[in-house]
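Naming convention: chains lettered A, B, ... in sequence-line order (proteins, then strands); numbering from 1 in each chain. These numbers were taken from a predicted model, which means no experiment stands behind them.
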2 protein chains.
Amino acid sequence: MTQNNGNLEWRSPCPVSSALDVLGDKWSLLLIRDLIIHGPRTYSQFLEAPEHISTNILASRLELLTCLKLIERVNPDAPSRNNAYHLTESGAALRPILEAMGKWAGAHLSDFHADMVRMP
Amino acid sequence: MTQNNGNLEWRSPCPVSSALDVLGDKWSLLLIRDLIIHGPRTYSQFLEAPEHISTNILASRLELLTCLKLIERVNPDAPSRNNAYHLTESGAALRPILEAMGKWAGAHLSDFHADMVRMP
DNA sequence: CCGGATCCTTGTCGATACTG
DNA sequence: CAGTATCGACAAGGATCCGG
């Protein structure tokens, strides 16, 4: 726990609200996207994504997602060097959310974002 | 435009990333949720939701969602007093995303959030 | 080199008071 | 009732430094 000091506060008992309490930021779901598209991925591979997350944010998000058991180290006992992260079952279950988002953006955001491509 | 000074910057051409550029915060999708559940809703009705958004954030989100044509005034020509917002077609198309989120949270977040209920 | 941690600047959030 | 103004707290971003 470096920055996220056990931050698990829920605004309400609503499931949608709870999902947003956890994933309602601009980066977490993007890391999940990378893992779904490319499979297991190391720290530096995440940094190579076109959106350019900064190192401190990446470290804190990986820690949070690990706490929530959405991702884990491929080899839990090995040192972190070249030890990739991969999705747990809970993390992989986020795929329908990302698919719905991609589908929606493709259909309703192209007026505002001409360069957008279909399905990364 | 008070706080959102025409902020339409896209991090990449990826649809998922683009959706998160617009909706990747803890409040926007919650307002959409209220509109899906309750139908047209006024400023003060949004404030009554259990998550307690503050007035400046609410105003800035309503403005942003209006710019993106996800919501609009029920009566565009009337003064704002008691003039509710409702979903456009693009806004209503977000429903599958919210359903996927609710479903996922119900299945994978109950270990961390015991009080969560199923489907708001 | 890789995976971070630290420092510092900038931006956004959130509470409350206030206004048309 | 529907916002706006203000201000403090905190999170994001960027650059750099460090241990293995």
Side-chain angles (χ1 to χ4, degrees), chain A residues 1-12 17 20-31 34 40-67 71-86, chain B residues 1-12 17 20-31 34 40-67 71-86:
Chain A
M1 301 275 176
T2 47
Q3 312 193 13
N4 345 319
N5 9 319
N7 269 8
L8 285 206
E9 292 182 25
W10 310 99
R11 289 176 292 178
S12 83
S17 157
L20 290 169
D21 285 337
V22 167
L23 304 167
D25 72 275
K26 295 194 186 304
W27 293 111
S28 301
L29 283 174
L30 235 43
L31 302 181
D34 287 348
R41 213 146 176 74
T42 66
Y43 190 89
S44 12
Q45 288 177 316
F46 283 119
L47 291 176
E48 290 164 11
E51 291 87 9
H52 296 113
I53 190 171
S54 58
T55 62
N56 51 351
I57 307 290
L58 175 56
S60 82
R61 285 302 175 283
L62 289 175
E63 184 188 354
L64 180 61
L65 294 175
T66 302
C67 284
I71 63 174
E72 59 189 10
R73 306 276 193 162
V74 169
N75 188 340
D77 304 326
S80 43
R81 166 164 278 234
N82 288 338
N83 193 348
Y85 294 85
H86 74 301
Chain B
M1 299 277 175
T2 47
Q3 310 193 15
N4 343 320
N5 6 316
N7 268 8
L8 284 206
E9 292 182 25
W10 310 98
R11 289 176 291 178
S12 83
S17 157
L20 290 169
D21 285 337
V22 167
L23 305 166
D25 72 276
K26 295 193 188 302
W27 293 110
S28 301
L29 284 174
L30 235 42
L31 303 181
D34 287 348
R41 212 144 176 74
T42 66
Y43 190 90
S44 9
Q45 288 176 318
F46 283 120
L47 291 176
E48 290 164 11
E51 292 86 8
H52 297 113
I53 190 172
S54 59
T55 61
N56 53 348
I57 306 291
L58 176 57
S60 83
R61 286 302 175 281
L62 289 175
E63 184 188 354
L64 180 60
L65 295 175
T66 301
C67 284
I71 64 175
E72 60 189 10
R73 306 275 193 162
V74 169
N75 188 341
D77 304 325
S80 43
R81 171 167 281 243
N82 288 339
N83 194 347
Y85 295 85
H86 73 300

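Of the residues B:Thr42, B:Asn75, B:Asp77, the one that meets the side-chain contact (heavy atoms from CB on, under 4.5 Å) test with B:Asn83 is B:Asn75.
Heavy atoms of B:Phe46 sit nowhere under 4.0 angstrom from any nucleic acid atom. Among the atoms of the strands shown, base atoms are found under 4.0 Å from some heavy atom of B:Thr55. Within 4.0 Å of A:Asn82, counting heavy atoms only, lie sugar-phosphate atoms of the nucleic acid but no base atom. No engagement by B:Arg11 is indicated, since no non-hydrogen atom pair under 4.0 Å with the nucleic acid exists.
A heavy-atom distance below 4.5 Å is not found between the side chains of A:Thr55 and A:Phe46.
Taking 4.0 angstrom as the limit, A:Ser80 places none of its side-chain polar atoms (N or O) nearer than this to OP1 or OP2 of C:dG3. Note on B:Trp27: every side-chain N or O is 4.0 Å or more away from OP1 and OP2 of C:dC13. Checking the phosphate oxygens (OP1, OP2) of D:dG3, a side-chain nitrogen or oxygen of B:Tyr85 falls inside 4.0 Å.
Here D:dA9 presents its P atom at 17 Å from CD of A:Glu9, a figure rounded to the nearest Å. The distance between atom CD of B:Glu48 and atom P of D:dA2, rounded to the nearest whole Å, is 10 Å. Between the CG atom of B:Leu62 and the P atom of D:dC1 there is a distance of 16 Å, rounded to whole Å. A:Lys26 has its NZ atom 11 Å from the P atom of D:dA12, to the nearest Å. To the nearest angstrom, C1' of D:dG14 lies 13 Å from NE2 of A:His52. Distance OH (B:Tyr43) to P (C:dG20): 16 Å, rounded to an integer number of Å. B:Ile57 has its CD1 atom 13 Å from the C1' atom of D:dG3, to the nearest Å. At whole-Å resolution of the value, CG in A:Leu30 and P in D:dA12 are 14 Å apart.
Checking D:dA5, D:dG20, D:dA2 against every side-chain atom of B:Asn56, the shortest atom distance belongs to D:dA5. If you check C:dC1, C:dG4, D:dA12 against the side chain of A:Arg81, the one that comes closest is C:dC1.
Closest approach of A:His86 and A:Arg73 over heavy atoms only: CE1-O, 3.7 Å. The heavy-atom pair separating B:Lys26 from A:Asp21 by the smallest distance is NZ-O, 3.0 Å.
Note that CG of A:Leu62 and CD of A:Glu72 are 13.0 Å apart. Values are rounded to the nearest 0.5 Å.
The residue among B:Gln45 and A:Ser54 whose nearest nucleotide of DNA chain D is located toward the 5' end is B:Gln45.
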